[in-house]
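Since the structure comes first, as structure tokens, the remarks are kept for the end.
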Amino acid sequence: MSTASKPRVRFAPSPTGYLHVGGARTAIFNWLFARHEGGIFILRIEDTDVERNRPELVDGILDSLRWLGIDWDEGPIFQSQRLEMYRAAAEKLLANGFAYLCYCAPEKYAGGDHAEVEEVEEGEEVEEKKSLLKKQRCGCRNLDAAGRAAAEKQAASQGFQPAVRFRVPEAGTTAFDDAVFGRREVQNAEIEDFVLLRSPKPGQTARLPTYHLACVVDDMEMRITHVIRGADHLSNTPKQALIYGGLGAAPPIFAHVPLILGPDKTRMSKRHGATSVGSYSEEGFLPEAFRNFLTLLGWSPGDDAQFLRTAELLERFSLAGVSRTNAIFDRPKLEWFNTQYLQKLPVEELAPYVAAELKRAKIWREEWAGAARAWFLRTIDLIRLRTRLLPDFSAAARGFFSDDFSYDPAAMEKFWKDAKLPALMAKLAESYAALAEWNHDACDKVLRDLAASEGVKAGLLINATRVAILGQAVAPPLFDSMLAIGKERVVARLRQALPAISAKTTS
RNA sequence: GGCGCUAUGGUGCAACGGUUAGCACAUCACCCUUUCAAGGUGGAAAUGCGGGUUCGAUUCCCGCUAGCGCUACCA
């Protein structure tokens with residue numbers, strides 16, 4: 001395979017916030033595509049808007065990408081450090097007539113009120129103005145020598161530097177190819193003379209590029225072959241196709257991927273709950289599960305397969321499977337994916353996540369990584385069927401790892417009500433203390449024998465014991481749990497619970 | 001307002017002219033059961049509307065409607 005044919009793609013977030021789930025999905029698609037095709041994945045930071053840009057957020061975005069398991073081959077490359085390239089490109093467009101200097105004040109067009117823009121079009125056919133709401137065609141576009149000199153003089157006297165606008169053809173159409181949406185063609189009359197280089201703000205000297213210019217110049221320079229990005233860019237792509245043409249380059253293949261919406265079908269926002277990747281990692285989702293879920297939003301392997309681990313995703317991903325319809329972020333489905341991973345991952349793979357969670361909860365013990373590793377893995381395996389998120393290991397299952405746990409009020413209420421319990425549990429504790437062999441069947445027999453001789457149902461003791469040794473109404477099967485916790489601690493906890501049980505039954 | 005994109009159960013995807021319209025999540029019922037889960041079985045639930053094209057439309061075309069996107073010297 002020649003290196004020239006290697007696909008090159010990029011993910012280009014703007015550091016104006018954390019990594020959004022939509023951005024994450026776009027990053028995943030780019031990454032999967034690059035890895036599937038044996039191509040190159042580049043990370044680029046689009047920080048050309050000095051007012052919105054927050055450099056300190058870059059690390060957070062990078063962390064989120066790493067958490068997702070995404071690695072990049074080149075970058076991060078910062079646009080703010082390549083301003084000269086954009087300026088040179090604008091210069092070239094100016095020189096070959098594809099752009100012109102605009103001396104208008106930025107406020108003139110801010111807000112996009114087309115009505116006031118129309119008066120700039122004096123000299124053109126009046127009837128055409130009424131029929132079609134024309135896109136911005138600045139008067140500066142057709143300045144004659146005298147007018148230009150005057151504008152320049154005026155600007156100079158005010159210390160104002162003009163912006164550079166693209167000279168969009170009056171007639172004709174502009175087309176481009178999209179791997180998802182097919183060939184697109186739009187009327188040039190519908191495209192405004194968009195800005196390429198902004199006029200410097202007071203106090204600035206650098207002439208910063210707008211998104212369109214920087215994006216195209218970078219994609220050209222980076223030899224990007226496939227631009228995979230959100231469908232919100234679909235309508236703006238003709239502008240970029242125009243820039244490629246002006247710069248004498250062939251545009252890449254575009255692949256616009258559908259957006260991810262909130263449950264009410266509107267753009268995802270904080271109203272819908274967490275929108276940042278970081279918050280899902282903090283909540284305790286497994287990155288692979290989260291990624292699996294996101295990948296299936298707007299993409300399908302073509303069949304009904306859903307549980308797709310990294311290797312399968314890499315093997316099966318293709319742009320052909322990308323959908324054209326927006327998808328809704330369905331939290332319950334995400335949770336289902338997480339429980340699937342929690343239950344099906346090889347326990348050795350899950351262990352590091354559990355260890356991290358226990359460390360976070362400050363109940364981690366180093367021996368679990370060493371001498372007691374086998375016990376640790378067995379215990380995780382015992383617990384995981386009842387977990388949904390990582391913190392469950394340190395919360396509901398806390399009693400497996402620490403003596404510092406409390407009795408859940410609802411559990412006490414439910415299983416410590418029977419008046420016979422204080423006497424029964426005292427006997428049970430001593431029976432266990434006297435038990436020589438600590439194994440599942442022996443523990444089972446002791447309890448059932450006691451229940452039989454006392455004339456109560458085994459369930460009464462089982463349920464009460466569960467609360468006594470773990471503090472929870474919900475836990476793995478009792479005798480398995482007792483084995484994991486150990487005889488000493490079970491007996492101790494049983495004895496320790498006696499006062500609380502008495503208090504509960506008599507209250 | 002203009003331009004564009006999209007349209008299969010509540011949700012995510014299959015079916016790319018011929019299927020009793022499939023799978024999964026969620027939901028309901030039952031089974032299993034020492035709790036709670038998991039698991040198993042079964043149920044309810046969809047081709048937005050209207051025209052075409054065709055022997056035959058979920059699938060192709062047109063209109064409508066709805067949703068979304070773009071319409072910034074933001075990306």
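To find a chain, count down the sequence lines: A is the first, B the second, and so on, and within it residues start at 1. All values below were derived from every heavy atom in this structure, side-chain atoms included, with hydrogens, water molecules and symmetry-related copies excluded.
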Every protein N/O within reach of nucleotides 37-42 of chain B N/O, cut-off under 3.5 Å:
residue: B:A37; atom: O2'; partner: A:L385; partner atom: O; Å: 3.1

Subject >> By salt bridge (Lys or Arg N to Asp or Glu O under 4.0 Å) - contacts of A:D449 (at least two apart) >> reply: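 Applying salt bridge (Lys or Arg N to Asp or Glu O under 4.0 Å) to A:D449 gives A:K445.
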Original post:
Which residues pass the salt bridge (Lys or Arg N to Asp or Glu O under 4.0 Å) test with A:R167, sequence neighbours left out?
Top reply: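 By the salt bridge (Lys or Arg N to Asp or Glu O under 4.0 Å) rule, A:R167 matches no residue at all.
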Subject >> Sugar-phosphate or base contact per nucleotide [nucleotides 5-16 of chain B; S, B, -; heavy atom under 4.0 Å] >> reply: SSS---SBSS--
What pairs of donor and acceptor atoms, side-chain ones from residues 458-468 of chain A against any protein atom, are under 3.5 angstrom apart with sequence neighbours left out?
residue: A:N463; atom: OD1; partner: A:R466; partner atom: NH1; Å: 3.0
residue: A:N463; atom: ND2; partner: A:G459; partner atom: O; Å: 3.1
residue: A:T465; atom: OG1; partner: A:L461; partner atom: O; Å: 2.6

Original post:
Any idea which of B:G69, B:C74, B:C3 is nearest the A:L259 side chain?
Top reply: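 Nucleotide nearest to A:L259's side chain: B:G69.
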**OP:** Determine which pairs satisfy salt bridge (Lys or Arg N to Asp or Glu O under 4.0 Å) with at least one residue from residues 382-391 of chain A, sequence neighbours left out, and list them in order.
**Re:**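 Listed once each, the pairs are A:E335-A:R388, A:D381-A:R384.
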Quick one: side chain to side chain donor-acceptor pair (under 3.5 Å) partners of [X], sequence neighbours excluded?
| X | result |
| --- | --- |
| A:D480 | none |
| A:R44 | A:E46, A:D219 |
| A:E312 | none |

Subject >> Involving RNA chain B, stems made of at least three consecutive Watson-Crick or G-U pairs, both distances under 3.5 Å >> reply: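 Looking at RNA chain B, the stems formed by three or more consecutive pairs are B:1-7 with B:65-71, B:10-13 with B:22-25, B:27-31 with B:39-43, B:48-52 with B:60-64.
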Side-chain donor-acceptor distances from residues 52-60 of chain A under 3.5 Å, at least two apart:
residue: A:R54; atom: NE; partner: A:E56; partner atom: OE2; Å: 3.4

**OP:** Could you list by number each residue of residues 409-417 of chain A showing a heavy-atom separation from RNA chain B of less than 4.0 Å, or answer none if no residue does?
**Re:**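 Close to the strand are A:K414, A:F415.
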Original post:
Are A:F307 and A:Y341 close enough that their ring centres sit under 6.0 Å apart?
Top reply: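 A:F307 vs A:Y341: aromatic centres under 6.0 Å.
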